[in-house]
Amino acid sequence: MRKLTLTREKSFVGSIGKLKVYIENEAGELEIQGTKCRYLGELKNGQTAEYLVDNAPAKVYVIADELSKNYCNDFYQLPEGDQDVELSGVCKLNPGAGNAFRFNGNEDNQEAMAQRSKNKKKGWLILLLSLLGGMLIGALVGFASCSAIKGAAKNSLSQPKTFSTDEMSIVLTRQFVEEKVDSFHLAASSNKVAVLVQKQPFMQNTEFKTMSIDNYTKLVTQSNGRPSLTIKAEGDARYFEYDFTDPDSGQSLHYWVYTYKGVDEFWLINFSCLKSDEAAVRPSISKWATSATFK
């Protein structure tokens with residue numbers, strides 16, 4: 001046997017959830033992408049854990065949960081040997097990959113890189129299906145039998161609708177449908193826009209309580225790999241924008257990321273749409289973002 005030490009570096013991305021660590025084992029209880037795996041333990045944000053593993057070569061998987069295990073994951077190939085192994089990694093901001101954990105120093109493993117590419121395709125497909133679900137609802141409403149009914153339905157869908165949890169609320173429109181998306185506090189989508197809400201409790205990082213909203217937003221841009229983005233003010237909130245094109249599918253999207261500071265946590269609200277819909281969506285983003293309230 002040998003000791004495997006695994007460190008999950010601190011990041012605001014996916015910080016609330018605990019990750020699950022598995023290792024390849026034919027007698028394992030869970031199958032990840034066709035590989036039987038044995039459960040090793042959980043890994044919190046910023047935590048280092050130690051596990052005893054066999055000397056045989058094996059893949060070490062880190063997943064978010066069993067529902068998303070086949071696209072929100074990463075693996076590291078342990079070589080055969082009796083020497084202890086130390087690994088580290090961090091959750092990376094990428095909605096298409098479920099903000100998955102990424103092992104450091106894994107870029108030379110062509111199999112792992114190919115799997116990451118496949119995972120992103122699956123993740124983007126899931127997000128796009130959420131958008132398409134909203135499109136389907138809008139289309140069904142449009143199939144009214146007369147123009148008067150269609151006009152009434154259109155007006156009804158444009159009316160405000162509040163989406164809320166025990167800790168926050170945001171006013172969107174009746175075109176939006178609430179979704180369930182792993183690692184997000186609240187999620188909703190319409191035929192053109194996806195809204196994802198995430199919170200960052202101060203207890204996760206002792207520096208957060210005294211950190212300004214401006215410095216926190218800078219931290220978000222850095223964690224997003226875009227430290228040079230322009231940060232703008234919108235009332236008490238801050239926000240930045242960026243375009244993202246998935247290298248595999250070629251799908252282009254536009255993002256507005258808003259940050260807020262509450263009593264006990266920071267909040268992020270991520271608005272996204274297809275790049276082709278940006279001009280049509282833009283006038284509504286500020287209205288929706290400034291409607292958000294936190295308890």
Side-chain angles (χ1 to χ4, degrees), residues 12-13 16 93 95-96 99 124 126-139 141-142 153-200 213-214 216-217 220-221 224 226 229-244 251-263 265-295:
F12 81 95
V13 179
I16 301 173
L93 184 63
N99 298 325
W124 282 116
I126 290 171
L127 286 181
L128 289 173
L129 283 175
S130 294
L131 287 172
L132 289 172
M135 292 175 68
L136 178 60
I137 292 171
V141 172
K154 183 177 180 180
N155 291 335
S156 175
L157 286 175
S158 65
Q159 291 178 355
K161 178 180 178 181
T162 300
F163 293 80
S164 62
T165 69
D166 292 338
E167 298 171 293
M168 65 85 60
S169 65
I170 184 170
V171 181
L172 303 173
T173 71
R174 293 178 62 84
Q175 291 175 326
F176 284 84
V177 177
E178 190 165 351
E179 309 278 357
K180 295 295 182 182
V181 180
D182 292 335
S183 302
F184 290 96
H185 195 71
L186 179 69
S189 66
S190 70
N191 61 329
K192 290 185 178 180
V193 183
V195 182
L196 299 172
V197 181
Q198 190 173 25
K199 71 174 180 177
Q200 178 76 61
I213 185 68
D214 296 287
Y216 177 75
T217 309
V220 175
T221 63
N224 197 16
R226 296 173 169 85
L229 287 176
T230 300
I231 297 173
K232 303 176 184 179
E234 185 85 73
D236 293 333
R238 302 293 183 269
Y239 76 98
F240 58 90
E241 303 177 44
Y242 66 95
D243 293 326
F244 178 85
Q251 184 70 67
S252 295
L253 298 99
H254 188 78
Y255 287 86
W256 293 263
V257 180
Y258 278 77
T259 61
Y260 311 76
K261 187 172 185 179
V263 177
E265 65 279 311
F266 281 109
W267 291 87
L268 289 92
I269 301 183
N270 191 325
F271 300 89
S272 62
C273 68
L274 296 176
K275 180 65 177 175
S276 58
D277 290 328
E278 178 190 347
V281 167
R282 179 174 292 278
S284 299
I285 297 299
S286 176
K287 179 181 179 181
W288 295 335
T290 54
S291 75
T293 58
F294 309 95
K295 299 177 182 178

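Count residues from 1 along the sequence.
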To the nearest 0.5 Å, atom OG1 of T290 lies from atom CD1 of I285 at 11.0 Å
Problem - Carboxylate-amine/guanidinium contact D214 R238, below 4.0 Å - result: yes
- Task: Side-chain contact test, heavy atoms from C-beta onward, threshold under 4.5 Å: evaluate it for H185 versus W267 and give yes or no.
- Result: yes
The reported gap from CE in M168 to NZ in K199 (rounded to nearest 0.5 angstrom) is 11.0 Å
When every non-hydrogen atom of F240 is compared with those of L229, the smallest separation belongs to CD1-CD1, 3.5 Å
| field | Neighbour count >12 (heavy atoms, 6.0 Å) for atom CG, D243 | value | yes
Interatomic distance, CG@L172 vs OG@S284, rounded to 0.5 Å, equals 10.0 Å
- prompt: Side-chain contact, heavy-atom cut-off 4.5 Å: V281 with F271?
  reply: no
dist K295:NZ -> S164:OG (nearest 0.5 Å) comes out at 6.5 Å
ask   = Parallel, tilted or perpendicular: which describes the rings of W256 and H254, with under 30° parallel and over 60° perpendicular?
value = perpendicular
*Can you tell if the side chain of V193 reaches within under 4.5 Å of the side chain of F176, non-hydrogen atoms only?*
yes
| Between F266 and Y216, how do the two ring planes meet: parallel, tilted or perpendicular, split at 30° and 60°? | parallel
- K192 versus Q175: any side-chain heavy-atom pair under 4.5 Å? no
- Assign the ring pair Y255 / Y242 to parallel, tilted or perpendicular, where the plane angle (0 to 90°) is split at 30° and 60°. parallel
Correct closest heavy-atom pair for I213 and K261 would be CD1-N, 3.8 Å
Here the pair of heavy atoms bringing A187 nearest to L196 is CB-CD2, 3.6 Å
Heavy atoms of S189 and E179 approach each other most closely as OG-OE2, 2.7 Å
How are the rings of Y239 and Y258 set to each other: parallel, tilted or perpendicular (split at 30° and 60°)?
-> parallel
In this structure, CD of Q159 is separated from OG1 of T173 (nearest 0.5 Å) by 10.0 Å
Per side-chain contact (heavy atoms from CB on, under 4.5 Å), I170 is matched among T162, T293, L186 by L186
- Exercise: do S286 and E234 side chains pair donor with acceptor under 3.5 Å: yes
**Request:** Give a yes or no on whether K287 atom NZ has more than 12 heavy-atom contacts from other residues, nucleotides or ligands under 6.0 Å away.
**Result:** no
